[in-house]
Amino acid sequence: MGQLYDDNNIFAKILRGEIPSHKLYEDADTYAFMDVMPQGKGHCLAITKSPYRNILDATPDSLAAMIATTQKLARAVKAAFDADGVTVMQFNEPASGQTVFHLHFHVVPRFEGVALKPHTGQMEDNAVLAANAEKIRVALSQIR
Ligand code: AMP
């Protein structure tokens with residue numbers, strides 16, 4: 001028996017509109033927004049709309065929807081920031097580094113020679129997040 005889903009987690013609150021987020025994308029099953037403690041310029045998150053804690057309790061269908069949105073974000077951030085590559089990360093339970101217990105994938109644009117910053121390190125300036133979010137939204141609108 002795995003750990004239970006707690007609907008007071010911060011991403012559930014974002015989905016309910018109880019706390020703000022820099023929204024990038026939404027469909028029937030998923031939602032995407034900027035990570036407030038980015039490990040690199042343009043770090044964003046795809047989350048499920050269903051109450052799954054992580055990959056261990058999610059259904060294959062919900063994971064398929066998550067990966068489709070993750071791929072959209074990966075293509076968009078690569079174009080938006082002219083990135084050299086994109087890192088996709090996903091953590092399950094505290095031992096792996098998971099800190100928010102609502103299924104999500106990290107999407108981080110990568111640049112040759114630039115290392116990732118620490119996980120859940122420093123809060124980014126809100127204006128920087130807003131500007132980067134706008135670039136990603138424009139790229140999403142131009143990508144199939
Ligand atoms: P994880 O450690 O994989 O569970 O990742 C949680 C991520 O959520 C971290 O990268 C945090 O920086 C990010 N995060 C935490 N709170 C918020 C928030 N309110 N809005 C956006 N991102 C957040």
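One-based numbering, in listed order, for ligands and for the atoms of each.
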message: Looking at ligand 1, is there an atom of it that comes within less than 4.0 Å of some heavy atom belonging to S21?
response: no
- prompt: At a non-hydrogen distance cut-off of under 4.0 Å, which region of F33 contacts ligand 1 (side chain, backbone, both, or neither)?
  reply: side chain
Any Q90 heavy atom less than 4.0 Å to ligand 1: no
message: For the residue pair K41 and F111, would you count it as a cation-pi contact if the rule is NZ or CZ under 6.0 angstrom from the ring centre and within 45 degrees of the ring axis?
response: yes
task: Tell me which protein heavy atom sits closest to atom 18 (C) of ligand 1, plus the residue, atom name and distance to 0.1 Å.
output: V36 CG2, 3.7 Å
- prompt: Donor-acceptor pair, H102 side chain versus T48 backbone, under 3.5 Å?
  reply: yes
- request: Write out the residue and atom name of the closest protein heavy atom to atom 2 (O) of ligand 1, then the distance separating them to 0.1 Å.
  value: H119 NE2, 2.5 Å
message: Geometry only, no angles: is H43 polar-contacting ligand 1 at N/O separations under 3.5 Å?
response: no
message: Between K117 and M37 (side chain of the first, backbone of the second, donor and acceptor by atom type, cut-off under 3.5 Å), is there such a pair?
response: no
- request: For S141 and V138, indicate whether the former's side chain and the latter's backbone hold a donor-acceptor pair under 3.5 Å.
  value: yes
message: Students should be able to answer this: which protein heavy-atom is nearest to atom 12 (O) of ligand 1, and at what distance?
response: D35 OD1, 2.5 Å
field: Near-ring test H106/H104, centroid separation under 6.0 angstrom
entry: yes
field: Enumerated ligand 1 atoms positioned under 4.0 Å from heavy atoms of V100
entry: 4 (O), 6 (C)
task: Would you mind listing which atoms of ligand 1 come within a distance below 4.0 Å of any non-hydrogen atom of G97?
output: 2 (O)
query: Using a distance-only test with no angle check, is there a side-chain donor-acceptor pair under 3.5 angstrom linking D7 and Y5?
result: no
field: Nearest non-hydrogen partners of L4 and R53, listed with the distance
entry: O-NH1, 3.2 Å
statement: The atoms of ligand 1 lying under 4.0 Å from a heavy atom of T99, numbered in the order shown, are 1 (P), 2 (O), 4 (O), 5 (O), 6 (C)
- prompt: Would N126 and H22 count as a side-chain contact (heavy atoms from CB on, under 4.5 Å) if you check the C-alpha gap in whole Å, the side-chain angles of each, and the deciding distance to 0.1 Å?
  reply: CA-CA 9 Å; N126 200 49; H22 292 278; 2.8 Å; yes
- line: Here the atoms of ligand 1 under 4.0 Å from any heavy atom belonging to Q98 are 2 (O), 4 (O)
- prompt: Tell me: protein heavy atom nearest atom 15 (C) of ligand 1, and distance?
  reply: M37 CE, 4.0 Å
- request: Run the numbers for me: atoms of ligand 1, each under 4.0 Å from some heavy atom of T120, listed by number.
  value: 9 (C), 11 (C), 12 (O)
message: Can you confirm whether E112 is buried at CD, in the sense that more than 12 heavy atoms of other residues, nucleotides or ligands lie under 6.0 Å from that atom?
response: no
query: Hey, does H106 sit under 4.0 Å from ligand 1 if you only count heavy atoms?
result: yes
- request: Given side-chain contact (heavy atoms from CB on, under 4.5 Å), test V114 with D84 step by step and report yes or no.
  value: CA-CA 10 Å; V114 180; D84 300 311; over 6 Å; no
task: May I ask you to identify the nearest protein heavy atom to atom 1 (P) of ligand 1, giving residue, atom name and distance to one decimal place in Å?
output: H104 NE2, 3.1 Å
message: So for ligand 1, is F11 a polar contact partner (N or O within less than 3.5 Å, distance only)?
response: no
